[in-house]
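Right, one structure below, let's go through it.
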Protein chains: 2
Amino acid sequence: MSTPEKEITIYDIARALNISAATVSRALMDHPSVNINTKKRVQEAAQEMGYRSNQMASNLRKRKSNIIGIIVGNLNSSFMSNVIAGVEKELSDAGYNLIISQSLDNINKEINIAQAMYNNRVDGLLVSLAYETENADHFESFVKRGIPLVYFDRVWPHPQCPGIEIDNVKAAYDITEHLVTQGCKRIAHVTAYRLSSVAADRFAGFKKALEDYQMTFDENLLIQTDLTLQAGIDAAKQILAMENRPDAVFVTNDACAVSCMQELKRNGIRIPQDIAFAGFNNDTEASIIEPNLTTVDYKGYQMGEVAAQILLDRLNQTDNGLLKTSNKLIQPSEIIIRDSSLKRK
Amino acid sequence: MSTPEKEITIYDIARALNISAATVSRALMDHPSVNINTKKRVQEAAQEMGYRSNQMASNLRKRKSNIIGIIVGNLNSSFMSNVIAGVEKELSDAGYNLIISQSLDNINKEINIAQAMYNNRVDGLLVSLAYETENADHFESFVKRGIPLVYFDRVWPHPQCPGIEIDNVKAAYDITEHLVTQGCKRIAHVTAYRLSSVAADRFAGFKKALEDYQMTFDENLLIQTDLTLQAGIDAAKQILAMENRPDAVFVTNDACAVSCMQELKRNGIRIPQDIAFAGFNNDTEASIIEPNLTTVDYKGYQMGEVAAQILLDRLNQTDNGLLKTSNKLIQPSEIIIRDSSLKRK
DNA sequence: ATGAAAGCGCTAACAG
DNA sequence: CTGTTAGCGCTTTCAT
């Protein structure tokens, strides 16, 4: 009753059925070369006796932890929650456990987490980098040990590590083009301090669009921040203080865009009439803020599934053909136009 | 280079230093009865040789997985992200790994996850129940085996499982009282289909407040849903279809409240003039929707820390006194009044 | 303060 | 198709 019964092992089953532990083991893992009848007997006995396999022993023997680590900036978005759901589905189907950690977009925390995961011998790693991260040396230990590492969303280019992402250049280009065709002449861009691959790509798409429309980019309209909510407010203050204000703002993420819009609204700026807005990610907030925020949407669940599949391929040394010539995999994205950018309805 | 070097073990260190593996093991875990000098030599050698301990072997020997499971409805809220951060901090300080799963508020998924965690031999479990869950039998296997189980936020009353929660009755009472003092006469309540402990408590607080103010509760104003975004829209439609509409709505969570408000606004209802609103949780959306949503706030990070501490106490058989007579632990909460409920400013 | 030895429970050659 | 055997790397008595 109060003391839990002893855990039963394959030896207990073996004894009960008068067969060897090896056969029990094989039967339990559905090994092809076990007689169908013994297999059945073993499985029934296991069931009845309340057997549960001992992963620790199995892991030790196989020299695999059976654990996959995933490091993300923050779990707090429907995008990331969906990524996790997609990853979880694929990995648990494949029998892996998932250990999730948030870097809270802090580089030092990311380094510590990476170290901890390394010491805990994860069999593979999925990473979406912190905004702050400007190099990925802290993941080299995995590469050196041959532990598969797959980046997603906020990726780091590395010859041996696949990256699942969207075409940030194109998405940023498209959304900027949209602002231009709405008649915006002076478009500000709010981005990260450190131009990570993602931020850099978006910035590049933004500049390319301006060029193509013969608009010169005013350096004064580049606002670099840490992309927090507070940063959105600060960016708004900066904009309010400008003598020659922009007529549109493209923020590289929605959360920051929304807090920036709120602060501007509090100061009497009309959106989109005075200043049009565009964000990135299609977070929940984007369709709650008024006016609703124009943004870029991409599917977290799917990205999670794909990232997990690629990782599993690496673990199994198989190749389902998802990655051909390059180790970059581009997922679809689309721009969603809402009222925050519609100057001419 | 391309082949990763062999993992080194305590035996390698032992050989290098001409001592026994037992001593190395003891030195590494800082056992008191090891000579301070040998300890130092061992630790240096380990460092130099690139040793990392093998958790799998250690786990097998100690018959502990070193893994704590946490099951939540959905990771997608700043509250839950903070809970995770708090839990993670406490547990990783204590040397545990954390496996996170989302039930997506689906009872069957919750059952499967519980089973998987049981089979993976988690050393302890933290659970916030799915909205749908109406009994907790699927967690009995943990109780029977003596595996510590701690509920938080959406708890299940159980003599052997502590529950960390807020005073839902009081919070709901207070927020309802606030609506009443704003002059609301007919207050609708949107809650879950199944009245879990949390939903039931909030409903109870709501009714108690009405009673205390001599208001009879109209059964027609009780709207039971699955609390999704779509449910908010459906609830709005129900309200619009009523011949005798409420003048206030208290929704048992913010996400649903916000989507309900949006739908009502689309249909020309003015908030709070026509219908006042109150929610629960203080999610990000609550301070973005216009008018901003009156709600109940409580701290996720702190709740996560406390839940983890209680779990660690159980694991260590210690008792830091957090739980005295009862196995319920009430965390602070506060109502946040915003424009959605201010009929008289 | 250190060492010898046993064993946690499982899997994988290898042999039959 | 099944059994024998060895060992994954660590911790922990029990001696010394």
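A, B, ... follow the sequence lines: proteins, then strands. Residue 1 opens every chain. FYI, side chains are in, hydrogens and waters are out, and symmetry mates aren't considered; it's all heavy atoms of this structure.
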- Verify the distance criterion only: is there a donor paired with an acceptor across the side chains of Glu110(A) and His138(A) at less than 3.5 Å? yes
- Who are the ring pair (Phe, Tyr, Trp, His ring centres under 6.0 Å) partners of Tyr51(A), not counting sequence neighbours? none
- Those residues at least two apart in sequence (or on a different chain) that pass side chain to side chain contact (heavy atoms under 4.5 Å, CB included) with Glu134(A) are Arg194(A)
- Query: Along nucleotides 8-16 of chain D, 5' to 3', which nucleotides get a B, which get an S, and which get a -, given that the test is a protein heavy-atom distance under 4.0 Å?
  - Reply: BBBBBB---
- Message: Using the side chain to side chain contact (heavy atoms under 4.5 Å, CB included) criterion, which residues pair with Ser58(B)? Sequence neighbours excluded.
- Response: Lys62(B)
- Specify the residues of residues 31-42 of chain B, ordered by number, for which at least one heavy atom lies under 4.0 angstrom from an atom of DNA chain D. none
Sequence neighbours left out, cut at 3.5 Å: what donor-acceptor pairs do the side chains of residues 63-73 of chain A make with other protein atoms?
residue: Lys64(A); atom: NZ; partner: Tyr96(A); partner atom: OH; Å: 2.8
residue: Ser65(A); atom: OG; partner: Ile67(A); partner atom: N; Å: 3.1
residue: Ser65(A); atom: OG; partner: Arg121(A); partner atom: O; Å: 2.6
residue: Ser65(A); atom: OG; partner: Asp123(A); partner atom: OD1; Å: 3.3
residue: Asn66(A); atom: ND2; partner: Gln55(A); partner atom: OE1; Å: 3.2
residue: Asn66(A); atom: ND2; partner: Gly95(A); partner atom: O; Å: 3.3

- Item | side chain to side chain contact (heavy atoms under 4.5 Å, CB included) partners of Ser101(A), counting only residues at least two apart | Ile113(A), Met117(A), Glu88(B)
- Message: Just to verify, what does Lys89(B) make a side chain to side chain contact (heavy atoms under 4.5 Å, CB included) with, not counting sequence neighbours?
- Response: Asp93(B), Tyr301(B)
- Can you check the Leu17(B) CG to dG3(C) C1' distance for me, whole Å? 15 Å
- Taking CG from Asn18(A) and C1' from dC1(D), how many angstroms apart are they, rounded to a whole number? 17 Å
- Message: Just to verify, what does Phe79(B) make a ring pair (Phe, Tyr, Trp, His ring centres under 6.0 Å) with, not counting sequence neighbours?
- Response: Tyr298(B)
